[in-house]
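A quick write-up on the structure given underneath.
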Amino acid sequence: MPKKKTGAKRKADKQKIRQKDIRSDTRSIVEQPCNTSMECDKCQRRQKNRAFCYFCQSVQKLPACAHCGKCKCMSKTGDCVVKHPGSFATGLALVGAICDFCEAWVCHSRKCLTTHACTCPLTDAVCVECDRGIWDHGGRLFRCSFCDKFLCEDDQFEHQASCQKLDAETLKCLSCNKLGQYSCLRCKLCYCDDHVRRKGVKYPKGEPIPCPKCSFEMKETKDLSMSTKSVDYGRQGASYGSDDDSDEGQSGAGFYGYTPVGYGGGGGGGGGGGG
């Protein structure tokens with residue numbers, strides 16, 4: 001029988017997995033330290049992690065690093081730019097810079113100061129619905145689970161509810177008349193099995209096929225609840241006629257949606273003749 005793991009061994013294994021995830025940086029945007037939730041010490045309003053409060057512009061008592069997420073530096077002989085032997089650094093003694101992209105504090109660690117600006121996950125964080133950036137609203141940023149675009153806290157649910165909608169009126173392929181078996185949720189286009197693959201390009205087996213237009217990951221249309229574009233205006237959307245539910249009011253409508261009415265009273269008729 002294999003030996004039973006002790007508590008220290010299990011703790012070491014969990015720490016090894018955690019360190020591997022941090023090095024590979026496979027965390028989602030909601031788990032990034034620069035996008036965590038913060039409550040202001042003065043106005044008590046909840047917002048994204050910031051150097052200054054978005055609402056009252058006050059400095060926080062315990063700032064958190066936007067790269068490593070720590071609020072207290074306990075390393076006495078580490079890679080700190082500002083050495084603090086024999087004491088721990090908290091508050092403004094911890095910080096070393098402010099990131100221009102995520103508007104959050106960066107600690108005085110040499111690693112965080114040299115790497116965060118290049119790897120900040122909120123570098124191009126502009127909401128796809130309202131076109132607001134980090135400096136224009138106080139909430140957190142999210143990514144759409146379908147098109148993988150940035151969303152602010154106000155528009156995330158409304159956008160994801162209407163994201164699975166094509167820009168075409170049918171589910172047919174963009175290049176031919178076949179039914180589109182693959183859909184791109186970023187371009188909002190469908191492709192058949194013949195036109196989804198580019199000529200002369202080898203695709204690895206078992207991996208999803210990228211979109212021919214934007215190289216985003218394609219998904220099968222049957223696995224999604226895709227809907228087509230519909231218009232609420234024009235001849236097809238408008239209904240003219242009587243208010244009742246009978247078909248008599250709609251049967252007399254002409255090509256442009258109205259019923260022709262004659263000028264001569266009851267008969268609509270013709271040229272009267274007298275002599």
Checklist entry - Considering all heavy atoms of both residues, which atom of D155 and which atom of C127 are nearest to each other, and what is their separation? => result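 Heavy atoms of D155 and C127 come nearest at OD2-SG, 3.8 Å.
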Checklist outcome for this item: Note: Q32 and P121 closest approach over all heavy atoms is CG-CG, 3.8 Å
When rounded to the nearest 0.5 angstrom, what distance separates [atom1] in [X] from [atom2] in [Y]?
X	Y	atom1	atom2	result
I134	C102	CD1	SG	7.5 Å
S109	D79	OG	CG	3.5 Å
M38	R45	CE	CZ	12.0 Å
C147	L151	SG	CG	6.5 Å
Q60	C40	CD	SG	4.5 Å
K61	K42	NZ	NZ	11.0 Å

Next on the checklist: I'd like to check the salt bridge (charged side-chain N to carboxylate O under 4.0 Å, His left out) partners of D154; sequence neighbours left out, ordered by chain and number.
Outcome noted: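 So D154 forms a salt bridge (charged side-chain N to carboxylate O under 4.0 Å, His left out) with R132.
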Checklist entry - For R50, what residues pass the salt bridge (charged side-chain N to carboxylate O under 4.0 Å, His left out) criterion, not counting sequence neighbours? => result E103
Checklist entry - For F55, which fellow cluster members are found when Ile, Leu, Val, Met, Phe, Trp and Tyr are connected by side-chain heavy-atom distances below 4.5 angstrom, either directly or through intermediates? => result Y54
Checklist outcome for this item: Joining Ile, Leu, Val, Met, Phe, Trp and Tyr whenever any side-chain heavy atoms lie under 4.5 Å apart, the cluster holding V106 also takes in V81, L113
Item to check | D136 side chain vs G133 backbone, donor-acceptor pair below 3.5 Å | outcome: yes
Checklist entry - Short question: side chain of E153, backbone of R140 - any donor-acceptor pair under 3.5 Å? => result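 Indeed, once roles are kept as given, a pair shorter than 3.5 Å links the two residues.
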Please name all residues satisfying side chain to side chain contact (heavy atoms under 4.5 Å, CB included) with [X], sequence neighbours left out, ordered by chain then number.
X	value
V196	Y182, Y191, D193, I209, M218
D194	K178, C192
T6	A8, K9
T36	N49

Heavy atoms, side chains only, cut-off 4.5 Å: are [X] and [Y] in contact?
X	Y	result
C68	P33	no
H195	C176	yes
C214	C184	yes
C163	K188	yes
C43	C53	yes
H67	T119	yes
C152	E129	no
L185	D148	no

Checklist entry - Counting heavy atoms not belonging to Q44, are there more than 12 under 6.0 Å from its CD? => result yes
Item to check | Q57 atom CD: more than 12 heavy-atom contacts under 6.0 Å | outcome: yes
Checklist entry - Any link between V95 and V82 through a network of hydrophobic side chains (Ile, Leu, Val, Met, Phe, Trp, Tyr) touching at under 4.5 Å? => result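 Per the 4.5 Å side-chain linkage, V95 and V82 are not co-clustered.
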Checklist entry - Is V30 reachable from L141 through a run of I, L, V, M, F, W or Y residues, each pair having side-chain heavy atoms under 4.5 Å apart? => result yes
Checklist entry - So W105 and F52, would you call those rings parallel, tilted or perpendicular, with 30° and 60° as cut-offs? => result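 Answer is tilted, since the angle falls between 30° and 60°.
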Item to check | Sequence-distant partners of R186, side chain to side chain donor-acceptor pair (under 3.5 Å), two or more places apart | outcome: none
Next on the checklist: Applying salt bridge (Lys or Arg N to Asp or Glu O under 4.0 Å) as the test, list every pair that has at least one member in residues 32-41; sequence neighbours left out.
Outcome noted: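 Checked against salt bridge (Lys or Arg N to Asp or Glu O under 4.0 Å) - neighbours excluded - the pairs reaching residues 32-41 are E39-R46.
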Item to check | Qualifying ring-ring contact (aromatic ring centres under 6.0 Å, His included) pairs, either residue in residues 79-98, two or more places apart | outcome: H84-H108
Item to check | Pairs satisfying ring-ring contact (aromatic ring centres under 6.0 Å, His included), at least one member in residues 120-172, at least two apart | outcome: none
Item to check | K213 vs L189, side chain to side chain contact (heavy atoms under 4.5 Å, CB included): CA-CA, chis, key distance, verdict | outcome: CA-CA 9 Å; K213 185 176 181 181; L189 298 172; 4.1 Å; yes
Checklist entry - Does the side chain to side chain contact (heavy atoms under 4.5 Å, CB included) test come out yes or no for C107 and K70, once each step is laid out? => result CA-CA 8 Å; C107 69; K70 64 183 179 181; 3.8 Å; yes
